[in-house]
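Everything on this sheet refers to the single structure shown next.
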Amino acid sequence: MQSLKERDKKHLWHPLTQHKIHPEALPIIKAKGALLYDENENTYIDGIASWYTAMYGHCNDYILEKVQHQMQQLDQIVFASFTHEPAIKLSEELIKILPDNQEKIFFSDNGSTANEVGIKMALQYHFNRGEKRNTIVAFENGFHGDTFGAMSASGLSVYNGPFEDFFINVKRIPTPNSENIDSVIKELQECITTHQVAAFIYEPLVQGANTMHMFEAKYLNQILDICKDNTIITIADEVMTGFGKTGKTFASDYIETKPDIISMSKALTAGFVPMAITSCTQQIYDAFLDDSVGKAFFHAHTYSANPIACSVALAAIELLQSEEIQNNIHRITRSHKDFDAKIKNHPKIKRTRQTGVIYALDLDIEMDRYGKKRYEIFDHFMKNGVALRPLGSTVYILPPYVITQEQLQKVYDTIVELLENL
Ligand SMILES: *Cc1c(COP(=O)(O)O)cnc(C)c1O
């Protein structure tokens with residue numbers, strides 16, 4: 001019998017992988033809590049919760065129980081003609097925890113489609129009101145996904161080369177900080193006078209794929225206010241930041257001016273199954289109501305509001321609100337702070353940053369995002385039983401909320417060891 005590694009190579013094409021030069025993928029046969037298990041019974045602490053999805057721990061028993069029940073009850077139904085309680089209940093529970101102005105819930109399959117839906121909603125909002133607006137504003141170096149609309153809005157363009165000629169119209173502004181805020185606002189205002197701006201899409205407070213770049217709520221608030229004044233639909237991409245990671249339920253909770261549209265995925269379904277949601281205000285929804293069918297939102301996915309996925313999301317929201325998980329979020333946040341105080345002046349570190357359970361440090365070395373050095377650092381972590389995926393020279397931790405203090409300490413120790421050996 002060939003090994004899993006050998007069989008993998010025969011037919012599989014992995015994402016974000018140059019198969020000619022990149023090392024083989026590691027087979028994982030089991031996962032529980034914060035741990036991943038390989039074929040040889042080695043364990044790895046999942047320091048990034050499998051791209052910030054499995055926040056309540058892998059194969060969480062509570063979610064398993066709920067999902068098993070749902071699987072025996074109702075598996076799938078066409079959401080274009082039918083409805084079901086898991087979706088209804090999920091809409092009720094989500095609206096309770098979303099920013100106050102959110103009223104309507106629209107389902108899709110992943111973070112990219114959630115943003116695709118948000119962008120389409122914004123464009124059609126203006127269209128339905130008889131206005132032609134054709135430009136989206138986004139932050140430089142943002143990431144919103146890999147489908148066309150989401151990819152166009154994404155500013156991390158190094159790998160978008162083949163597609164750039166086909167992008168939708170997007171204008172970019174820098175993320176704000178104390179030094180550039182005035183010029184960012186000027187750029188935005190210029191853009192508004194020279195273009196028909198339909199929407200502004202942004203990752204609130206933390207740009208995940210952009211090496212966990214962080215910026216302050218008060219500056220974002222200024223930008224959002226200008227958008228509001230100009231009827232520009234604001235779309236908060238909370239695919240990464242949503243569901244507790246920033247210390248509040250949504251990053252938008254730190255910002256006074258609330259978005260018109262919010263996209264969610266990743267931790268929404270706790271690593272069990274793919275699903276995404278785009279929420280919006282009553283005002284957006286109302287612009288689609290008309291006696292003609294033409295003003296309706298004609299966007300659907302076969303698995304929209306899949307009942308099993310909805311039941312997972314419901315269980316995940318229950319867990320998020322539990323005292324245990326809330327305490328864990330505070331524990332991890334404090335623990336990162338302590339670690340940061342010890343480590344931030346290390347000569348091999350350029351800078352560090354933290355928002356909630358998200359912690360990132362930039363190594364003081366030159367390297368490519370997907371270069372050789374990056375793979376060596378990845379190997380160092382894996383050899384020590386810690387699964388962290390450096391983003392170029394940035395090492396970040398975004399652990400499942402259920403990570404034990406001992407496991408978290410091991411993640412820190414492995415980072416310190418890397419620094420000593422750089
Ligand atoms: C992951 C991510 C996406 C894309 O989600 P997919 O499920 O991978 O399509 C979009 N926006 C942000 C902020 C993300 O972190």
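All ligand and atom numbering here is 1-based and tracks the order in the structure.
Look at E116 and K120 and you find no salt bridge, because none of the NZ, NE, NH1 or NH2 atoms lies under 4.0 Å from a carboxylate O. Salt-bridge annotation for E93 and K96: present, with a side-chain N of the basic residue lying under 4.0 Å from a carboxylate O of the acidic one. Ion pairing between a basic and an acidic side chain is recognised when a charged N comes within 4.0 Å of a carboxylate O; K32 and D61 show such pairing.
The minimum heavy-atom distance between D237 and S263, with the atom names listed, is CA-OG, 3.4 Å.
Sorted by chain and number, the heavy-atom contacts of ligand 1 below 4.0 Å come from N110, G111, S112, N115, F143, H144, G145, E203, D237, V239, M240, K266.
The only option from Q102, K104, E238 that meets the side-chain hydrogen bond (donor to acceptor under 3.5 Å, both in side chains) definition with S279 turns out to be Q102.
Without hydrogens or angle criteria, T113 side chain to D109 main chain gives a donor-acceptor distance under 3.5 Å.
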